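Here's the structure, in structure tokens; my notes come after.
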There are 2 protein chains.
Amino acid sequence: MQNNIDQTDLGILKLLQHDASLTNKELSYKLNKSIATIHERVKRLKEQGYIKKIVAILDRKKVGSNLVAFSQVLLNDHAADTLNEFEKEVTKFPEVMECLQMTGAYDFFLRIATSDMDSYHTFYRTKLATLPNITTVQSFFVLSEAKSDTAYPL
Amino acid sequence: MQNNIDQTDLGILKLLQHDASLTNKELSYKLNKSIATIHERVKRLKEQGYIKKIVAILDRKKVGSNLVAFSQVLLNDHAADTLNEFEKEVTKFPEVMECLQMTGAYDFFLRIATSDMDSYHTFYRTKLATLPNITTVQSFFVLSEAKSDTAYPL
DNA sequence: ACTGAAAGATAGTAGGC
DNA sequence: GCCTACTATCTTTCAGT
């Protein structure tokens, strides 16, 4: 944490990462600052990259992503080029929401959203498994989400 | 996917899940509808729960979450009460961003954000490991994020 | 459903403390 | 760095098609 942000900035970040539809007026009331001050802070937090983006979180089942999988991928070669090439190709698939390189027995964790098991199967056979240098893919499927937050502890 | 949404609604969802700072005016231009129509659609998509919330996505390293872990948890008892109790308690920890019940050898996947390995260790010893009925916890740490999206394929 | 236009609210700017 | 006040822009409502 770079300490060029103060308590007011932190307050703004805490609130906006849970609800970015709050107006500057509402923030100014909650944080006891003027609207102009809040406006200036929020602008700076965006410019300096503390706030990367504002997004709408959708109900995944309502938009057809009924099946979410975590697939752990092991490659047969760990040269930088091989890892980069895998990342470059796998991140192109819209089903792949996340691609994380990890410690442990596998190289990557992928979060994959599809409509059902058939379409996961199709994704696996026609997209994921066609990528070069894959040794093993082990997949787990989400049964339920007791918590699903994008907010970091602040 | 319930089919009470049309191509315009889908267009709105596609755009807003990547950038919710788009104004109705900008959406109306991109989707060739009037501002009032877009306004009405967005309002309905929120009311019907397609859009669950609008959030700011922060730069995790800038706000001190330098270490992200996925911890797989196995419980020693799979009665509904035990599972519910675990979920109820573990989701209270602010470090736990996600708690997903999963298929496979483990019961839960937790996404845990801390500032460094020391503070992960403290979290593990003073919070996670104090919960009852845990048999095994296996943790993997994020090395890099080639893709990290909240947007579902639409 | 969609539109255009009015009314109300918010974002963004400027000047001063 | 913070404020008040002003202007520009956007949201929200509504009568009309």
Side-chain angles (χ1 to χ4, degrees), chain A residues 1-64 149-154, chain B residues 1-65 149-152 154:
Chain A
M1 174 125 48
Q2 294 154 15
N3 271 342
N4 47 355
I5 64 169
D6 64 12
Q7 282 305 114
T8 303
D9 292 319
L10 207 55
I12 291 170
L13 294 176
K14 277 188 196 181
L15 289 163
L16 291 186
Q17 73 170 344
H18 287 108
D19 183 4
S21 69
L22 289 168
T23 64
N24 289 345
K25 189 181 176 186
E26 290 167 317
L27 290 172
S28 74
Y29 178 75
K30 287 176 192 283
L31 298 169
N32 293 307
K33 299 282 172 185
S34 75
I35 294 175
T37 298
I38 296 294
H39 177 260
E40 187 180 60
R41 300 300 194 100
V42 171
K43 192 180 165 199
R44 193 171 52 74
L45 289 167
K46 285 179 182 170
E47 284 167 357
Q48 296 186 346
Y50 286 87
I51 296 172
K52 291 204 293 186
K53 54 184 174 176
I54 308 293
V55 301
I57 303 295
L58 308 186
D59 184 315
R60 69 174 173 84
K61 292 188 181 174
K62 282 210 164 76
V63 296
D149 262 14
T150 53
Y152 295 100
L154 290 182
Chain B
M1 175 123 51
Q2 294 153 13
N3 272 341
N4 47 354
I5 63 169
D6 63 14
Q7 282 305 114
T8 303
D9 293 318
L10 207 57
I12 291 169
L13 294 176
K14 278 188 195 180
L15 289 163
L16 291 185
Q17 74 170 344
H18 286 107
D19 183 3
S21 68
L22 289 167
T23 64
N24 288 345
K25 191 182 176 185
E26 290 168 317
L27 291 172
S28 75
Y29 179 74
K30 287 176 192 284
L31 299 169
N32 293 307
K33 299 281 171 184
S34 74
I35 294 175
T37 298
I38 296 294
H39 177 259
E40 186 178 63
R41 299 300 193 102
V42 171
K43 192 180 165 200
R44 193 170 51 75
L45 289 167
K46 286 179 179 166
E47 284 168 355
Q48 296 188 346
Y50 286 88
I51 296 172
K52 290 203 294 187
K53 54 184 175 179
I54 308 293
V55 301
I57 303 296
L58 307 187
D59 184 315
R60 69 174 172 85
K61 293 188 181 173
K62 282 209 164 76
V63 296
S65 287
D149 262 13
T150 53
Y152 295 100
L154 291 182

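The structure displayed is predicted, hence computed values, not measured ones. Note on naming: letters A, B, ... go to the chains in the order of the sequence lines (proteins, then strands), and numbering restarts at 1 for each one.
Counting to the nearest Å, the P atom of C:dA9 and the CG atom of A:L22 are 18 Å from each other. The CD atom of A:E26 sits 9 Å away from the P atom of C:dA11 (whole-angstrom rounding). Atom CD of A:E47 and atom C1' of C:dG12 are 12 Å apart (whole Å).
Taking only side-chain atoms of A:S34, from C-beta outward, the nucleotide of D:dT12, C:dA11, D:dT4 with the closest atom is D:dT4. The side chain of B:R41 lies closest to C:dA1 when the candidates are D:dC3, C:dA5, C:dA1. Side-chain proximity of B:H39 to the nucleotides D:dT12, C:dT10, C:dT13 is greatest for D:dT12. When distances are taken from the side chain of B:E40 to each of C:dC2, C:dT13, D:dT11, the shortest belongs to C:dC2.
Taking CG from B:L27 and NZ from B:K33, the interatomic distance works out to 13.0 Å, rounded to the nearest 0.5 Å.
Within the structure, every side-chain polar atom (N or O) of A:K43 is placed at least 4.0 Å from both OP1 and OP2 of C:dG12. Taking only side-chain nitrogens and oxygens, B:T37 never comes nearer than 4.0 Å to OP1 or OP2 of C:dA1.
As judged by a 4.0 angstrom heavy-atom cut-off over every strand, A:R44 is placed among residues making no nucleic acid contact. Within 4.0 Å of A:T23, counting heavy atoms only, lie sugar-phosphate atoms of the nucleic acid but no base atom. Counting any heavy atom pair closer than 4.0 Å across all strands shown, A:I35 reaches no nucleic acid atom.
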Would A:N4 and A:Y50 count as a side-chain hydrogen bond (donor to acceptor under 3.5 Å, both in side chains) here? Give the steps.
CA-CA 11 Å; A:N4 47 355; A:Y50 286 87; 2.6 Å; yes
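The shortest distance between side-chain heavy atoms of A:I51 and A:Q17 does not fall below 4.5 Å.
Closest approach of B:I12 and B:R41 over heavy atoms only: CD1-CB, 3.4 Å.
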